[in-house]
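Reminder, nothing fancy here: chain letters follow the sequence lines and each chain counts from 1.
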2 protein chains.
Amino acid sequence: MTGLHLQPQVITPKGTFTLMVTIYDVAKKANVSPMTVSRVINRSPLISEKTRLKVEAVIEELDYIPNKQARSLISKETKLVSLVISDISNPFFTTIARGAEDKAMQSGYQLLLGNTDEQTMKESRYIDLLLSSKVDGVLIAPAGDGSLANLRKLVKRKVPFVLIDRHVDGMTSDLVLGDNPETTRKLVAHLVEQGHRKIALINGPSSVSNARERKQAFQEALLLNGLELNPQLFIETHFRQDNLSDIVNTLIRLTPDERPTAILAANNFIGVNTIRALRQMQIDVPGDVAVACFDDPEPIPDYNPFLTVAAQPAYDMGYMGMQMLIERIEGTAPPSTRKVVLPSELIIRKSTDRKL
Amino acid sequence: MTGLHLQPQVITPKGTFTLMVTIYDVAKKANVSPMTVSRVINRSPLISEKTRLKVEAVIEELDYIPNKQARSLISKETKLVSLVISDISNPFFTTIARGAEDKAMQSGYQLLLGNTDEQTMKESRYIDLLLSSKVDGVLIAPAGDGSLANLRKLVKRKVPFVLIDRHVDGMTSDLVLGDNPETTRKLVAHLVEQGHRKIALINGPSSVSNARERKQAFQEALLLNGLELNPQLFIETHFRQDNLSDIVNTLIRLTPDERPTAILAANNFIGVNTIRALRQMQIDVPGDVAVACFDDPEPIPDYNPFLTVAAQPAYDMGYMGMQMLIERIEGTAPPSTRKVVLPSELIIRKSTDRKL
DNA sequence: TAAGGTTATGTTATCGGTAACATAAAAATA
DNA sequence: TATTTTTATGTTACCGATAACATAACCTTA
C-alpha cells in the first residue's frame, strides 16, 4: 500500500464514523489487499468463492460504494452522457429527453442535461463544461449552423456525438432527423385540400437546418400544388416562445387578395403563439385563418385537441439517438456515420377545420 | 515529477496527436512545474505576471482543459447536482427542471437528470448511482413515503438534499412545497360557487404527501362549505398518465342523487385523463360534469385554455429549490432546515364554466 | 551589503481506484 | 514426490490534479 489512507472522521453522539469508506477500508477489515476487493467489485473470475463471500460481507457491512471519479481516472470512461437541447420548455424537446433518459439508464449511463436556449454562446460554454467533465458522449440538438465550432471541439477531443432534430452544415456525423420534406408536403397538401390558396409560412431562423429545409420544401410543395410563391407570405422568426403580434399583424394587414387564409408554423411554439396573436386581434381560428404547425405542443394527446400538427416522433428520436450514441461510444456502431430519418404523423384538428 | 506521464498517441494522416492534454504537458512546454500551471488555472495571486502569461499562452496553444475527475478526487466537490423527478413527461416537473437547470448553471453546477416514474425502486437505484458519482447535492421530488430509505442513504453519506413538491414522513429536511390546504380550498370554493354540491376527488396515492394533504384539505373544505362527505366520491389512483375509464365510470354510474356534478383531480394528468374518459362516455365537460385540477397540463399558457386549474409555480419551485440546495452545499444556509411554501394561482377556464 | 521579509516556484505525497506484473497457493501431471 | 500448470492474491506504479511544505528569487531596510 502506497499511502496511509487516513480517513477524516466525525464524532457524533452515536459513535465515530469515517466520512468516506474506501477500498482500503474494506481491504483492511477483510484482511485482503485492495486489489482483491477491486476484483470482487468488478466480478473478476479469479477470486475464490470463500474470499469473495468474505469481501462481499465487509462491503455490505461498511456499506461501501465505489468512487466513480477515481475509477474514471484510469478507465477513461465516466458512464456519463450529455443531452444538450435547445429549449427545455418545449414539450418536443422534453419528450426527446424522456426517450434519451430511458435508453441511457437502461444501458447504465447517467444523463447530464443541458439547455442552450437556442444560443450558440450558451451551447459553447456548456460544451466546454462537458469536455472538462469527460462525458463519454453527447446527444445534441444544435442551436444552429453556428454550432459548427462547438461540434468541432468535440471532434477534436474525440468525444462521440449524435445530432438530433437538426444537422449542421459542414459537419458529418450520426444523425436522427425528422423527415422535413415529406412532413412539409403533408401539411401543405392538407391545407390545400381545405381550400387554401394563400398560405403563409412563419419559419424559424435560416441558421437552423430545419428551417432551411422546411422553407425549401414549402416552396416546392406550393409549386407542386400549382400555387404561386408570394415572398410576403414568408416570414422568419425564432423557434422559442415569444410574442408574434407584429409578425402576424403584418400578414393580416395585407390586401384582401394577398392576405393568407392559412398559416403554417415551423414549430409548435410558433404555432401556438400565432394563434394567440390572431385571437388578440379578434381573428377567428380556423374561421378566418387556419393554422397548422410542426410538432405537437400538447404533452398529452387528445385531451383538448385544437391545433393541427405534424407530430414528429420525439420520444423515438431521443431513444434512437441515445442508442446510436451508445453504440458509437462502445464501438459497436459501424465506422461510417449513420442517418436515421423518422416520419411524422399528420394530426388534423380544429385549427384547420374549415368547411368550404 | 513522480510519474513519467507518457501520453497515448494517435497517428493520423495529419500528424501525431496526444489524446489528452494534461497539466504535465502544459508544464513541460512552458518550462514550469505542474504546480505553477495549477496555480495559473486556479487564479492564485502568487504568480508573476510574466509566468502567468507564458503559461496561459501554452494552455491556449495546446487547448488544455482541466480534468474534473482528477480535481474532484482531492477537492471532494464535483460541481454536479442531481435533479430527481418522478415523472419526466409531466410539464409540471419539466418546468421545475427548467428552473432548477437555470439556477444550477448560473451557479456553476451541472445538472444530472433522473426520472423515477414514481417508483421507489427506480429511485433507489438512481440514488445509488448518485452516491457513486459523488454529486454535491440532490434536489428531489420523492416518489412517496417509501423514499424514506433512499433519503436516509443520502443522510448517511452526508449528501445535502432538498425535497421538492412533496415531503416524506419521518424525514426532516429543507423543503419547497406548494400550499396544499390553501390551493384545495380555492378549488373547492370555486366549484361550490359554480353551484356544485356533489364533488368527487380523484386523488393520487396516499403514500405521497401531496395526496394525503389534498384529501385532508378536501374533506375540511367540504365541511366548511356545509357539504357532506360521501366516501363513494373519493377515489385513489396514481399520478401518472393512464386510462381512467373504470374509475370515472364508477362515479358516473352512481344514482342520480349521488353522482358528482364536479370532479376535482389531484394533478394535471388525472385531470386531463378524467376529461378524456368522460368524453369517451359521451359526457359533456363542463355541461354534464365540471372538472378542475392541480397543476396546469399546458406548457404554454393561454393558447387553448380549457381546463380550470390551480397552477403551482413550478419554475419558481425548481429555481428556489436549487438555490436552497446550493446554499446548503456551500454552507451559506442556516443550520436549521427551511421550509418554503409557495402559493398557487387559480386559473378558471371552460372546464368549470357552468351557468346555473 | 548583509539580514530579514516577501513573493514566486518547485517537490513530495496524496485523493481512490486499477493495470500490469510478481508471487504464493492449490491442483494437475509426470 | 517432484514438477508443471493453474488459480488466487499481493505489489508497485500510475491516472491528473492539488495541498502542504520546502526552497529559490526578489525586495526591503538597517
Practice problem: For the side chain of B:Leu46, starting at C-beta, report the closest nucleotide among C:dT9, D:dA17, C:dG16. | Solution: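 For the B:Leu46 side chain, the nearest candidate turns out to be C:dT9.
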Please determine if [X] and [Y] form a salt bridge, counting it only when a charged side-chain N lies under 4.0 Å from a carboxylate O.
X       : Y        : value
B:Asp63 : A:Lys156 : yes
A:Lys79 : A:Glu330 : yes
B:Arg52 : B:Glu49  : yes

Quiz prompt | Degree of bending in the helix from C:dT1-D:dA30 to C:dA30-D:dT1 once both end axes are built from five pairs, to 10° | solution =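 Taking five pairs per end, the axes differ by 50°.
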Quiz item: Can you name the closest pair of heavy atoms from B:Leu139 and B:Met322 and give their distance?
Solution: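 Taking every non-hydrogen atom into account, CD2-N, 3.7 Å.
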Quiz item: So what does B:Lys68 hit on the nucleic acid, given a heavy-atom distance under 4.0 Å: a base, only sugar-phosphate, or nothing?
Solution: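 Result for B:Lys68 = nothing.
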Is there a donor-acceptor pair closer than 3.5 Å between any side-chain N or O of [X] and the backbone N or O of [Y]?
X        : Y        : result
A:Ser133 : A:Leu129 : yes
B:Glu123 : B:Ala143 : yes
B:Ser48  : B:Thr51  : yes

Quiz item: Residues from residues 48-55 of chain B sitting under 4.0 Å of DNA chain D, heavy atoms only?
Solution: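 Hits under 4.0 Å, by residue number: none.
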Practice problem: Taking only the side-chain nitrogens and oxygens of A:Ser33, find out if one of them lies under 4.0 Å from OP1 or OP2 of D:dG10. | Solution: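 Checking D:dG10 against A:Ser33, a side-chain N or O does come within under 4.0 Å of OP1 or OP2.
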Exercise. May I have the distance from B:Leu73 (atom CG) to C:dG17 (atom P), rounded to whole angstrom?
Key: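 Nearest whole value for this atom pair: 9 Å.
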Quiz item: To the nearest Å, how far apart are A:Asn67 CG and C:dG17 C1'?
Solution: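 Result: 8 Å.
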Quiz item: Closest nucleotide of DNA chain C for B:Ile47 versus for A:Ile65: which of these residues is on the 5' side?
Solution: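 With B:Ile47 and A:Ile65 compared, the 5'-side residue is B:Ile47.
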Practice problem: For residues 130-148 of chain B, pull every pair meeting salt bridge (charged side-chain N to carboxylate O under 4.0 Å, His left out), keeping only residues two or more places apart or in separate chains. | Solution: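 Applying salt bridge (charged side-chain N to carboxylate O under 4.0 Å, His left out) to every pair that reaches into residues 130-148 of chain B, excluding sequence neighbours, yields B:Asp145-B:Arg212.
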Close side-chain approach of [X] to [Y], heavy-atom, < 4.5 Å:
X        : Y        : value
A:Ile127 : A:Phe161 : no
B:Arg166 : B:Ser86  : yes
B:Glu77  : B:Ser72  : no
B:Ile59  : B:Leu62  : no

Practice problem: Please work out which residues in residues 127-136 of chain A have a non-hydrogen atom less than 4.0 Å from an atom of DNA chain C and list them by number. | Solution: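 Result for residues 127-136 of chain A: none.
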Quiz prompt | side chain to side chain donor-acceptor pair (under 3.5 Å) partners for A:Ser44, two or more places apart | solution =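 Per chain and number, A:Ser44 pairs via side chain to side chain donor-acceptor pair (under 3.5 Å) with no residue.
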Pick out the pairs of N or O atoms, protein on one side and nucleotides 18-24 of chain C on the other, that lie under 3.5 Å.
from	atom 1	to	atom 2	distance (Å)
C:dT18	OP1	A:Asn42	ND2	3.2
C:dT18	OP1	A:Arg71	NE	2.8
C:dT18	OP1	A:Arg71	NH2	3.4
C:dT18	OP2	A:Ser38	OG	2.4

